[in-house]
Visitor: 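First the structure, then my questions, so here it is.
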Amino acid sequence: MSDPFEITDTPEPATTTARHLEGLNESQLEAVENIDGPVLVLAGAGTGKTRVLTTRLAHILMERKARPGEMLAVTFTNKAAREMQERVAGVLGTSVEGWWVGTFHALCARMLRRNAELVGLKSNFTIIDTDDQLRLIKQILLEREMDVKRNPPRTFLFTIQGWKDRALEPDEVPPGEVMDAVGGDAIDVYKDYQSRLRAVNAADFGDLLMHAVKVLQKNPDILAEYQNRFRYIMVDEYQDTNAAQYMWLKLLAKTHANICCVGDDDQSIYSWRGADVGNILSFEKDFSNARIVRLERNYRSTPHILGAASGLISFNEDRLGKTLWTDVNDGEKVRVHGVFDSGVEARFVGDEIESRHRKKENLSSMAILVRTSAQTREFEERLITLGIPYQVIGGLRFYERKEIRDAVAYLRIISQPDDDLAFERVVNFPKRGIGDAAMQTLHIHARARGIPLTAAVDELISSDELRPTPRKALALLMSDFSRWRASSLELPPAELCNMVINESGIIEHWKRDKSIEAPGRVDNLKEMVVGLEQFDSLQNFLEHVSLVMENEENKSTDKLSIMTLHAAKGLEFDTVFLPGWEEGLFPHQRSLDEAGTEGLEEERRLAYVGITRAKKRALVTYASRRRLFGQWKPALPSRFVDELPNEHTDRGLEDDLEEPGGYSEFSSPRQRARSGQQRESISYHQVGTDAGDLKIGQRVFHQKFGYGRISELEGDKLEIDFEKAGPKKVMASFVELAE
DNA sequence: ACTTGCTTGGTTTTT
DNA sequence: CCAAGCAAGT
């Protein structure tokens with residue numbers, strides 16, 4: 001990573017004057033050209049927000065108002081950051097390496113590494129994730145002999161996170177809040193938590209922001225340096241910023257006040273995570289005579305989609321108000337369709353997708369957007385049966401997988417021996433006979449001496465406080481670590497990692513494991529080694545893993561996407577399916593219970609985000625009963641269904657929702673006409689299977705997974721290689737013979 | 001030290 | 001209904 005204070009030369013201006021401004025509409029131009037003074041851009045969905053931001057950045061450079069190192073462009077997600085980097089690089093034809101373009105967290109981390117000692121950390125501090133956070137808090141609760149049952153670590157984490165989102169250190173928490181939080185215990189846990197983090201030289205995500213703010217607040221010289229440096233500041237997805245991020249921005253923008261924030265209050269859907277839409281309103285107060293620019297011309301959707309979305313969102317009281325328009329004509333109305341239950345819904349949507357696909361519409365241009373991730377399952381099962389390739393976006397990310405986290409933990413200790421959390425994770429993985437008893441001894445010693453666990457091991461290894469088995473195992477492990485640490489200075493990170501996963505026994509462990517997912521885990525580890533090749537230092541890789549790493553989906557094959565509405569923000573599809581529009585599910589009951597009208601309005605914004613993802617068509621469905629925790633519950637259509645304006649919706653004929661039993665998918669003539677394929681599967685599952693007929697190689701049919709052959713047979717448990725769904729373990733009673 | 005059966009509770013999720 | 005996390009068994 002190049003030195004952040006190194007200022008790259010300004011690229012030459014484009015030969016044609018203002019070529020980068022071509023094709024911008026009037027409001028976009030206003031947002032791009034007014035670079036001096038505070039600007040708030042209210043950018044509706046699909047109005048070219050990213051284009052404005054990147055063009056503005058390019059414009060500042062071309063006008064020679066600032067050099068690259070004097071600009072700060074902040075986004076919320078890595079995806080947005082990457083997009084901005086790529087597009088700026090594209091417009092200017094230069095690399096943006098080393099520029100201050102990135103996520104809040106990445107940029108704060110970058111600042112913090114330069115001044116870590118000011119907040120009690122070393123510059124090579126580890127960035128920990130939620131998993132580590134929870135384990136740390138749990139340890140603290142146990143140490144304090146608190147009831148982990150009554151008040152789970154999550155509760156404390158949530159409270160602490162809330163304070164960090166507002167950049168409140170333990171001694172800054174307002175007295176009024178101290179007692180409220182878990183009976184006054186939270187503040188003590190917070191104190192312990194912060195000192196434990198410092199002891200293991202680690203920061204959590206909230207710390208990156210909070211510490212960065214504190215460094216600026218408490219060190220006028222550093223603050224002045226940054227304030228002078230950043231002549232122009234740009235912020236994306238401004239509606240999602242939390243208090244700490246806003247403080248950081250305000251501090252940095254103080255001197256030049258050339259700050260441009262782009263956001264859409266109607267798309268604020270992360271308040272439950274500390275985001276504060278109020279920051280949009282505060283902007284005008286904190287930056288006097290701020291220019292407000294509205295981007296309302298939509299380039300994405302048809303008038304009916306915009307009309308439906310606008311009508312819906314107009315039910316929100318608390319908004320700044322924008323009216324999206326387009327000069328595109330016609331298009332399809334938003335379809336609204338009621339079905340009997342979630343199973344029928346899945347079939348209905350599945351059939352729709354299949355028929356669109358048959359008409360040559362790419363699967364990748366369609367998406368199913370659900371409110372809760374639990375809803376994805378029924379659709380997955382249906383798509384597997386239909387043989388439609390799909391991907392669920394936002395499941396486990398690569399680095400969240402167990403095997404990857406284990407390997408990364410090894411690398412963390414190599415890079416930073418004080419990292420107790422990583423040490424605990426790997427000390428007995430793979431199994432080497434170090435159990436609770438040994439760890440207890442280590443903890444006691446480490447705490448008494450105020451040293452990290454690895455240091456405690458060093459001290460105890462020659463004493464007789466440890467039993468022989470763990471003592472030998474620890475000695476071996478420690479010698480491994482010092483050997484790897486020595487290698488880390490010479491070998492490239494990829495080779496080091498390869499060495500570690502082999503010599504530690506991780507690879508062997510998974511090779512020996514007979515479970516279905518084990519081979520995949522070995523593959524993932526190998527993939528990780530390959531991925532490591534692009535890093536020149538272990539440090540850089542670890543930073544990447546904690547801050548930037550995302551799942552790279554193979555885009556090569558044409559796949560349908562299933563994801564939550566939250567995950568869909570910022571994306572667009574020709575066809576969008578919006579299932580589960582029922583009271584209680586969407587709007588979600590919990591939002592209503594916990595946040596009342598505000599909760600409802602946020603849910604409505606979520607619905608707005610959902611509809612505005614569609615370029616050409618949207619299909620809303622609701623079911624009259626849905627399974628909740630295993631039980632069928634009756635459901636009413638969501639109020640959002642009623643709020644969609646009639647002139648933009650096509651409500652079709654409602655199916656006979658009252659019909660009992662599982663056959664209602666054939667209840668309407670429309671459906672009956674197109675159902676050909678399912679009639680078969682209905683007759684199939686009426687047939688019982690005689691266990692005597694089951695043998696290896698037998699071809700069978702399964703309701704969820706389709707056809708496959710039995711590869712293993714154990715009592716009434718079968719392992720079946722499904723043609724579409726791959727190998728799965730299923731009960732014999734769920735399959736029918738097929739031939 | 002590791003494996004088995006039971007209780008419990010179960011939005012949204014990025015960094 | 002189903003997965004995860006914990007207490008008691010070998």
Side-chain angles (χ1 to χ4, degrees), chain A residues 74-81 102-109 127-130 132-135 138 142 148-150 152-154 158 161 164-165 203-210 212 237 240-242 244-245 268-275 342 369-378 393-397 399-400 402 428-439 467 469-470 473 543-551 563-570 580 584-595 599 602-603 605-607 609-610 626-633:
Chain A
V74 211
T75 65
F76 217 65
T77 64
N78 289 308
K79 203 168 75 187
T103 63
F104 279 100
H105 295 270
L107 297 176
C108 285
I127 299 164
I128 63 166
D129 61 17
T130 314
D132 286 329
Q133 287 180 291
L134 284 171
R135 284 193 301 154
K138 195 172 162 194
L142 293 176
V148 189
K149 280 276 171 62
R150 175 116 41 92
R154 298 200 58 85
F158 181 79
Q161 208 90 262
K164 289 191 176 183
D165 283 343
D204 63 23
F205 286 114
D207 280 341
L208 295 176
L209 293 158
M210 181 171 77
E237 300 284 12
D240 287 334
T241 50
N242 64 31
Q245 289 160 339
S268 162
I269 54 176
Y270 283 110
S271 74
W272 49 275
R273 218 171 57 191
S342 48
L369 308 183
V370 294
R371 175 62 183 86
T372 69
S373 43
Q375 287 171 262
T376 60
R377 230 182 65 194
E378 258 175 310
I393 310 273
L396 259 199
R397 266 155 298 156
Y399 70 93
E400 282 172 343
K402 178 184 164 21
N428 202 30
F429 182 85
K431 301 252 148 64
R432 41 173 81 87
I434 300 165
D436 289 346
M439 286 311 288
R467 296 188 157 261
T469 319
E543 182 100 349
H544 183 261
V545 163
S546 16
L547 285 177
V548 186
M549 196 128 152
E550 281 177 286
N551 236 4
M563 69 188 90
T564 63
L565 289 158
H566 284 90
K569 195 171 74 161
L585 177 62
F586 191 34
H588 202 282
Q589 194 57 47
R590 203 142 151 186
S591 285
L592 303 179
D593 292 346
E594 283 174 9
E602 179 145 328
E603 294 282 309
R605 291 194 289 269
L606 206 45
V609 166
R626 185 170 294 274
R627 220 185 206 134
L628 190 68
F629 307 143
Q631 270 182 314
W632 286 105
K633 297 266 196 232

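The structure presented is a predicted model; accordingly, all values stated were derived computationally and were not measured. Every heavy atom of this structure was used, including side-chain atoms; hydrogens, water molecules and symmetry mates were not. Throughout, a chain's letter reflects where its sequence line sits, starting with A, and its residues are numbered from 1.
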Visitor: Kindly write out the residues that satisfy ring pair (Phe, Tyr, Trp, His ring centres under 6.0 Å) with A/Phe429, not counting sequence neighbours, or none if the list is empty.
Guide: A/His509
Visitor: With nearest nucleotide decided by heavy atoms, which residue, A/Gly433 or A/Glu400, maps closer to the 5′ end of DNA chain B?
Guide: A/Gly433
Visitor: Once you apply a heavy-atom cut-off of 4.0 Å, does A/Asp129 come out as touching a base, just sugar-phosphate, or nothing?
Guide: nothing
Visitor: Which residues pass the ring pair (Phe, Tyr, Trp, His ring centres under 6.0 Å) test with A/His566, sequence neighbours left out?
Guide: A/Tyr270, A/Trp272
Visitor: Which whole-number value in Å describes the distance from A/Leu369 CG to B/dT12 P?
Guide: 15 Å
Visitor: I'd like to know if the side chain of A/Gln245 reaches the main chain of A/Asn242, judged simply by a donor and an acceptor atom lying under 3.5 Å from each other, with no hydrogens or angles considered.
Guide: yes
Visitor: Roughly how many Å is it from CE in A/Met439 to C1' in B/dA1, rounded to a whole number?
Guide: 14 Å
Visitor: Is there a donor and acceptor pair, one atom on the side chain of A/Arg371 and one on the base of B/dT11, closer than 3.5 Å?
Guide: no
Visitor: In whole Å, I'd like the distance from the CD1 atom of A/Ile127 to the P atom of B/dT15.
Guide: 13 Å
Visitor: Which part of the nucleic acid, if any, lies within reach of A/Glu603 when heavy atoms closer than 4.0 Å are counted: base, sugar-phosphate only, or nothing?
Guide: base
Visitor: OP1, OP2 of B/dT12 versus side-chain N and O of A/Ser591: anything below 4.0 Å?
Guide: no
Visitor: Take the protein atom CD1 of A/Ile269 and the nucleotide atom P of B/dT11, then report the distance between them rounded to whole Å.
Guide: 18 Å
Visitor: Which part of the nucleic acid, if any, lies within reach of A/Asn428 when heavy atoms closer than 4.0 Å are counted: base, sugar-phosphate only, or nothing?
Guide: sugar-phosphate
Visitor: A/Gly435 or A/Leu606: which one's nearest nucleotide on DNA chain B is closer to the 5' end?
Guide: A/Gly435
Visitor: The side chain of A/His105 lies closest to which of these nucleotides: B/dT11, B/dT15, B/dT13?
Guide: B/dT15
Visitor: Check every atom of B/dT3, B/dT14, B/dT11 against the side chain of A/Thr77 and return the nucleotide holding the closest atom.
Guide: B/dT14
Visitor: Which part of the nucleic acid, if any, lies within reach of A/Ser546 when heavy atoms closer than 4.0 Å are counted: base, sugar-phosphate only, or nothing?
Guide: nothing
Visitor: Is B/dT12 syn or is it anti, if syn means the base angle is within 90 degrees of 0?
Guide: anti
Visitor: With C1' as the reference atom in both, quote the distance from B/dT12 to C/dG5 in angstrom, rounded to an integer.
Guide: 23 Å
Visitor: What do you reckon, do A/Phe629 and the base of B/dG10 stack, with centroid distance below 5.5 Å and planes below 30°?
Guide: yes
Visitor: Would you indicate, yes or no, if B/dT14 has its OP1 or OP2 atom less than 4.0 angstrom from a side-chain nitrogen or oxygen of A/Asn78?
Guide: no
Visitor: If I take atom CE in residue A/Met563 and atom C1' in nucleotide B/dT11, what distance separates them, rounded to the nearest angstrom?
Guide: 18 Å
Visitor: Starting at OH of A/Tyr399 and ending at P of B/dT14, how long is that distance when rounded to a whole Å?
Guide: 8 Å
Visitor: Within the structure shown, what part of the strands sits under 4.0 Å from A/Lys138 by heavy-atom distance: base, sugar-phosphate, or nothing?
Guide: sugar-phosphate
Visitor: Touch check for A/Phe104, heavy atoms < 4.0 angstrom, all strands: base, sugar-phosphate only, or nothing?
Guide: nothing
Visitor: Roughly, in whole Å, what's the span from NE2 in A/His544 to P in B/dT15?
Guide: 11 Å
Visitor: Assess whether atom CG of A/Asp593 is packed by more than 12 heavy atoms of other residues, nucleotides or ligands within 6.0 Å.
Guide: yes
Visitor: In whole angstroms, how far is the C1' atom of B/dT14 from the CD atom of A/Gln161?
Guide: 11 Å
Visitor: Please check if the side chain of A/Asp204 supplies one atom and the backbone of A/Ile127 the other of a donor-acceptor pair under 3.5 Å.
Guide: no
Visitor: Compare the aromatic ring of A/Phe205 with the six-membered base ring of B/dT14 and state whether they stack according to the 5.5 Å and 30° rule.
Guide: no
Visitor: If you only use heavy atoms from C-beta on, which nucleotide in B/dT12, B/dT3, B/dT15 is closest to the side chain of A/His566?
Guide: B/dT12
Visitor: Of all the heavy-atom pairs spanning A/Ala244 and A/Leu209, show the shortest one and how long it is.
Guide: CB-CB, 4.3 Å
